[in-house]
Amino acid sequence: EEEEEEGLPRESSESSSTSSSGSDTSSMASGDDEQFYDAEPPSEVAVVTSPSVSVPPTEGEPSDIEEEQDYDERDDTSSIVAQNKSLIMHMLSQVRLGMDLTKVTLPTFILEKRSLLEMYAEIFAHPDVFASIPDYKDPKERIVAIVKYYVSSFHAARKGNVAKKPYNPILGEIFHCYWDLPNSTRTPPSEQDKKILESGPVPYASYNSVTFIAEQVSHHPPITSFYAECPSKNMYLHAAIWNKSKFLGLSLGVHNVGQIHLHLLDYGEEYTATLPNGYARSILTVPWLELGGKCQIRCAQTGFGADVEFHCKPFYGGKKHRVTADIFHVSDKKPFMRLEGEWNGVMYVKHLNGDQEVFIDTLTIPTFKKKLKKLSAQDPGESRRRWHAVTEALWKKDVDTATEAKHELEEKQRADKKERQRLGVEWKQAHFHGEGTAWEYNTPLNSRLAQLASSEPPVQ
């Protein structure tokens with residue numbers, strides 16, 4: 001029996017309206033065209049990661065903050081898949097081609113040891129690239145900088161060469177973290193800047209940090225809202241993403257519904273972007289991930305935009321992980337820049353004469369480790385603390401204990417929902433509010449700046 005939607009405002013749960021400032025989940029993030037094939041053998045699948053960089057603790061950093069530890073998912077998944085092949089075959093026998101997998105319980109051994117909320121945070125693993133966008137004074141240079149950030153933001157989310165599934169976030173689950181920029185200071189330039197930081201999503205971060213918060217705002221449909229900002233650069237980003245999973249035969253497809261909104265306050269600009277779809281290929285051997293679909297980046301204020309396409313590998317021949325992009329102004333007939341390469345490798349600018357130069361190399365530019373509170377200092381509803389028992393068991397390769405711990409979390413979520421229904425109480429989100437199928441952070445940077453400006457006495 002299909003459960004009713006929970007987490008959406010009752011009066012707007014069926015609405016598909018779009019808010020100019022909200023994160024609308026009514027639009028498909030990329031093309032609907034399915035790719036019904038599996039690609040090359042797992043022995044040819046490999047991953048090369050960029051160097052991971054630590055930023056030393058800055059003066060005044062709280063003692064209960066720690067930097068994430070290096071880890072990846074390059075374990076013996078191939079042998080685990082082989083050991084559990086009968087379980088996988090049984091699961092596949094229960095589904096049909098094109099079936100929505102949202103409510104299908106997948107085996108615990110394919111879980112990724114982190115929540116989907118934390119996985120979304122990885123799109124800021126190059127915080128220096130993100131924070132550099134407002135430094136460009138020309139709007140043409142800014143769209144190029146945005147595309148550079150966009151195409152390089154996906155590779156860090158993959159922790160290994162095996163496609164695994166992050167935990168499905170529980171309604172109300174929260175994840176906070178931040179990244180210190182290189183050579184940054186924790187001292188805000190003014191008392192006003194200090195107030196802006198303290199009222200932000202991660203008040204214990206630096207004024208020059210990129211801060212991030214995510215919340216699971218709805219369970220059915222499963223919508224994740226996240227928000228990031230860099231106060232010193234007067235910029236913030238927000239999104240609400242809804243995942244729709246489908247069974248494609250020997251592959252699983254994940255369609256990302258929703259948009260990302262980037263605001264550059266110094267220029268009065270808002271950029272919207274959609275996300276590619278993800279595909280787990282070769283699910284009966286060693287699953288591996290690829291991205292596919294046509295995505296758009298647009299700015300109504302400047303007229304600049306980009307069309308980015310992530311190409312799925314053909315069954316015969318062809319390359320994996322290809323991406324191409326055209327960057328243009330709406331008044332021009334042709335793009336002023338064309339890109340091609342690999343989204344988890346090197347991307348090149350392709351010149352009209354056939355020459356090409358490196359646009360960005362994700363294999364050499366460093367990723368920065370995110371910082372977050374130690375587990376003991378986190379609130380019970382935060383991702384790592386909530387999923388701690390499952391994660392611990394998976395690290396120990398104790399699938400039975402992990403499955404039991406996961407089941408307990410899911411049963412508690414069901415019990416909590418029944419209790420709310422009995423009491424006639426609706427779920428209330430902590431950090432985001434919904435408008436139709438759009439979601440916004442309660443106190444974005446622009447509103448806090450406006451509130452602070454209105455509360456200050458006029459200049460004599």
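No hydrogens, no waters, no symmetry mates; every other heavy atom, side chains included, goes into these values.
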Pair Lys406 + Glu411: basic N to acidic O under 4.0 Å = no
Parallel under 30°, tilted from 30 to 60°, perpendicular over 60°: which one fits the rings of Tyr279 and His255?
-> perpendicular
For Thr324, all residues meeting side chain to side chain donor-acceptor pair (under 3.5 Å), sequence neighbours excluded = His311
Arg420 and Asp416 ion-paired at < 4.0 Å = no
What residues, two or more places apart in sequence or in another chain, satisfy side chain to side chain donor-acceptor pair (under 3.5 Å) together with Ser152?
-> none
Judged by modelled atom types alone, do Thr224 and Gln216 share a side-chain donor-acceptor pair under 3.5 Å?
-> yes
In chain order, what residues pass the side chain to side chain donor-acceptor pair (under 3.5 Å) check against Lys233, with sequence neighbours excluded?
-> Asp135
Check ion pair Arg322-Glu340 (N to O, under 4.0 angstrom) | no
Would you mind listing every ring pair (Phe, Tyr, Trp, His ring centres under 6.0 Å) that reaches into residues 372-393, with sequence neighbours excluded?
-> Tyr167-Trp387
Aromatic Phe212 / basic Lys370 pairing, under 6.0 angstrom, 45° off normal = no
Are Lys369 and Trp179 in a cation-pi setup, meaning NZ or CZ lies under 6.0 angstrom from the ring centre and within 45 degrees of the ring axis?
-> no
Looking at residues at least two apart in the chain, or sitting in another chain, which of them share a side chain to side chain donor-acceptor pair (under 3.5 Å) with Arg338?
-> Asp326
Taking only residues two or more places apart in sequence or in another chain, which ones pass salt bridge (charged side-chain N to carboxylate O under 4.0 Å, His left out) with Arg142?
-> Glu269
Among Glu440, His238, Glu270, find the residue that satisfies the side-chain hydrogen bond (donor to acceptor under 3.5 Å, both in side chains) test when tested with His261.
-> Glu270
Thr272 and Arg298 side chains, donor-acceptor separation under 3.5 Å = no
Heavy-atom donor-acceptor pair, Asp379 side chain to Glu382 backbone, under 3.5 Å = no
Mark yes or no for whether Glu290, through its side chain, and Lys313, through its backbone, hold a donor-acceptor pair below 3.5 Å.
-> yes
